[in-house]
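Small disclaimer: the values here were computed from a predicted structure and weren't measured.
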Amino acid sequence: MKRADRLLFVGLLAYSGVVLVLLLALVYVAQLIAKSSGPGHGVWNMARLMQYAALQLPDVAYDVIPLALLLGTLIWMSILSGHSEVIALRMSGWSLWRLEQPLLLVGLLGALLMFVLGEWVIPVTAPAAEAMWANASQPGAGFHNMGDQGLWLRQKHQLIQVGAVGNDGKSLQDVRMVSLSPGMVALKTLTSARSAYFVDGHWILQDIEISSITPEDLQIRHEQSQLWSIDLPPSTLSSFAHPTRTMTLPTLWRNYQNLQTGALKMNRFALAFWRRLSYPWVGLIMILLAVPFVTRNPRGGGLAARIMTGLILGLGFHFLTEMSGYISVSGGVSPSIATILPIALFAMIAFFLHRMA
């Protein structure tokens, strides 16, 4: 790596890191103020409040890393432009693309950090924060009610409804199963169980009522307990009791394939899946936006004006992402298109700025 490359890389890494730390500190203080009164029940003191706010920081970092890269690039390139380093590099024959290469390496590091946060850190810290706010003894303790319609899943020719999920997905309440004939055109059996438990790698149903339906008659029998042969990991069930941000990519995809509660909820998982795939790369787009914005007029505008422009761009991207997400969840547009559209729009803006530069 040449000296100029190292200067660009280290400078952007440092300034983006400083911006990220400042943003996290602001959010941390805001959380301390907003949650100081506690959930209204149980024990709540300063130590628990600080721990709760700290557990939410990985989730916040995942959201603001692209903004930190955008602001860091604007600040660092403005400083270099003020000292004429950018002009010197351009006069020596460096194209805009050559100038951006070491900066994009920082963007790749940011994307890697976001991937690590999304796949390994947030799935641990976010449920822990939820459990602390609920004053549960550990993440996953207690039962999460799945709403009036319950949670619907599909396993081959069987439809499953779950009323509540608890104990990290190892305990279920109000379980109903509908077994359908091949082609899902006729009802064969209807099974209801008061509860189900995952023990030694197998599901056990408790307090069961089985209704067998034939063209001739309806037979009903009761069982105290019964082995439930089904490929349904507790981790999958536990994930439904938490927001999609706490799920890994494989879990999001599996839940999207299994969930049968209607298009709205299926779109929610599909949207989260596509966002998880695409969002780590947004930082690269932000760098490509910032560099030509500064180099087009190296001495035009002050640092404060450029930072304000960066904030407007970041907030604009967030607004477009949220708006397209709402449209997708309501069934108005495909989740993949809703995810890619804001990124493609900002990529086109970056391309236009590069052509002008």
Pairs involving residues 15-38, ordered by first then second residue, that meet ring pair (Phe, Tyr, Trp, His ring centres under 6.0 Å) (sequence neighbours left out): Tyr15-Trp76
Going by heavy atoms in the side chains, are Asp5 and Arg98 under 4.5 Å from each other? yes
Any non-hydrogen side-chain atom of Leu108 less than 4.5 Å from a side-chain atom of Leu112? no
Taking all non-hydrogen atoms of both residues, which atom of Leu99 and which atom of Pro102 are closest, and how far apart? O-CD, 3.6 Å
Determine whether more than 12 heavy atoms belonging to other residues, nucleotides or ligands lie under 6.0 Å from atom CZ of Arg194. no
With Gln56 via side chain to side chain donor-acceptor pair (under 3.5 Å) - residues at least two apart: Gln31, Tyr52
Is the backbone of Ser78 close enough, under 3.5 Å, to the side chain of Ser81 for a donor and an acceptor to pair up by distance? no
What residues, two or more places apart in sequence or in another chain, satisfy side-chain contact (heavy atoms from CB on, under 4.5 Å) together with Gln226? Ile208, Ile210, Glu223
Please name the pair of heavy atoms, one in Ser95 and one in Arg90, separated by the smallest distance, quoted to 0.1 Å. C-NE, 4.3 Å
Listed pairs under 3.5 Å, donor-acceptor, residues 270-287 side chains, sequence neighbours left out:
from   : atom 1 : to     : atom 2 : distance (Å)
Arg275 : NH2    : Thr321 : O      : 2.7
Arg276 : NH1    : Gly118 : O      : 3.1
Arg276 : NH1    : Glu119 : OE2    : 3.0
Arg276 : NH1    : Met247 : O      : 2.6
Arg276 : NH2    : Thr244 : O      : 3.4
Arg276 : NH2    : Arg245 : O      : 3.3
Arg276 : NH2    : Met247 : O      : 2.9
Ser278 : OG     : Trp274 : O      : 2.9
Tyr279 : OH     : Asp63  : O      : 2.8
Trp281 : NE1    : Leu277 : O      : 3.2

Can you check whether Thr125 reaches Asp59 side chain to side chain, under 4.5 Å on heavy atoms? no
Leu13: side-chain contact (heavy atoms from CB on, under 4.5 Å) partners, not counting sequence neighbours: Phe9, Val106, Leu109
When rounded to the nearest 0.5 angstrom, what is the spacing between CE in Met46 and CD in Gln51? 12.5 Å
Gap between atom CD of Gln158 and atom CG of Leu232 - 0.5 Å precision: 10.0 Å
ring-ring contact (aromatic ring centres under 6.0 Å, His included) against Trp120, all qualifying residues, sequence neighbours excluded: Phe115
State whether a side-chain donor-acceptor pair under 3.5 Å links Thr251 with Thr248. yes
To the nearest 0.5 Å, what is the distance between CD1 (Ile343) and CE (Met348)? 14.0 Å
Please assess Leu55 against Leu57 for the test side-chain contact (heavy atoms from CB on, under 4.5 Å), listing each intermediate value before the final yes or no. CA-CA 6 Å; Leu55 286 172; Leu57 288 182; over 6 Å; no
Under the salt bridge (charged side-chain N to carboxylate O under 4.0 Å, His left out) test, which residues partner Asp174, sequence neighbours left out? none
Return the minimal non-hydrogen interatomic distance between Gly310 and Leu67, and the atom names on each side. O-CD1, 4.1 Å
Residue list, side chain to side chain donor-acceptor pair (under 3.5 Å) with Ser211, at least two apart or on another chain: none
Is it true that Leu105 and Leu289 fall in one hydrophobic cluster, defined by side-chain heavy atoms closer than 4.5 Å? yes
So do the side chains of Leu49 and Lys35 get within less than 4.5 Å of each other, counting heavy atoms only? yes
Take Glu100 and Leu288 through the side-chain contact (heavy atoms from CB on, under 4.5 Å) test and state the conclusion after the steps. CA-CA 7 Å; Glu100 290 169 339; Leu288 293 176; 3.3 Å; yes
Report the residues that fulfil side-chain contact (heavy atoms from CB on, under 4.5 Å) with Asp200, sequence neighbours left out, ordered by chain and then residue number. none
Pair Leu227-His202, side-chain contact (heavy atoms from CB on, under 4.5 Å): steps then yes or no: CA-CA 7 Å; Leu227 181 66; His202 301 284; 3.7 Å; yes
What one should report as the nearest heavy-atom pair of Val19 and Ala68 is CG1-CA, 3.8 Å
Set of side-chain contact (heavy atoms from CB on, under 4.5 Å) partners for Leu113, sequence neighbours left out: Ile65, Leu117
Would Val333 end up clustered with Phe319 when hydrophobic side chains under 4.5 Å apart are linked, directly or stepwise? yes
What heavy-atom pair brings Thr339 and Pro342 nearest, and what distance separates the two atoms? O-CD, 3.5 Å
Please check if the side chain of Ser324 supplies one atom and the backbone of Ala338 the other of a donor-acceptor pair under 3.5 Å. yes
Nearest 0.5 Å, what's the CZ-OG1 distance between Phe293 and Thr73? 12.5 Å
Say whether, by atom type as modelled, one donor and one acceptor occur between the side chain of His354 and the main chain of Ala350 under 3.5 angstrom. yes
Suppose we screen for side chain to side chain donor-acceptor pair (under 3.5 Å). Which residues come up paired with Thr189, at least two apart in sequence or across chains? Ser179
Answer with yes or no whether the hydrophobic clustering places Leu8 together with Val18; edges join I, L, V, M, F, W, Y residues whose side-chain heavy atoms lie under 4.5 Å apart. no
Closest heavy-atom contact between Leu89 and Ala4? CD2-CB, 4.0 Å
Are the side chains of Leu151 and Leu153 in touch, meaning some heavy atoms are under 4.5 Å apart? yes
Sequence neighbours excluded, the answer for side chain to side chain donor-acceptor pair (under 3.5 Å) partners of Ser36 is none
May I ask you to test the Asn45-Arg48 pair for a side-chain heavy-atom distance under 4.5 Å? yes
Non-hydrogen side-chain atoms of Lys170 and Tyr197 separated by less than 4.5 Å: no
Do Met177 and Ile230 sit in the same hydrophobic cluster, where Ile, Leu, Val, Met, Phe, Trp and Tyr count as joined when their side-chain heavy atoms come under 4.5 Å apart? yes
If you round to the nearest 0.5 Å, how far is OG1 of Thr246 from CD1 of Ile122? 9.5 Å
Should we say atom CE of Met50 is surrounded by more than 12 heavy atoms from elsewhere, each under 6.0 Å from it? no
Quick one: do Trp228 and Leu172 satisfy side-chain contact (heavy atoms from CB on, under 4.5 Å)? Show the steps, please. CA-CA 12 Å; Trp228 187 17; Leu172 309 178; 4.2 Å; yes
Output for pair (Phe346 CZ, Leu70 CG), nearest 0.5 Å, gives 9.0 Å
If you group Ile, Leu, Val, Met, Phe, Trp and Tyr by side-chain heavy-atom gaps below 4.5 Å, do Leu20 and Leu311 land in one group? yes
Any side-chain heavy atom of Val294 within less than 4.5 Å of one from Val86? no
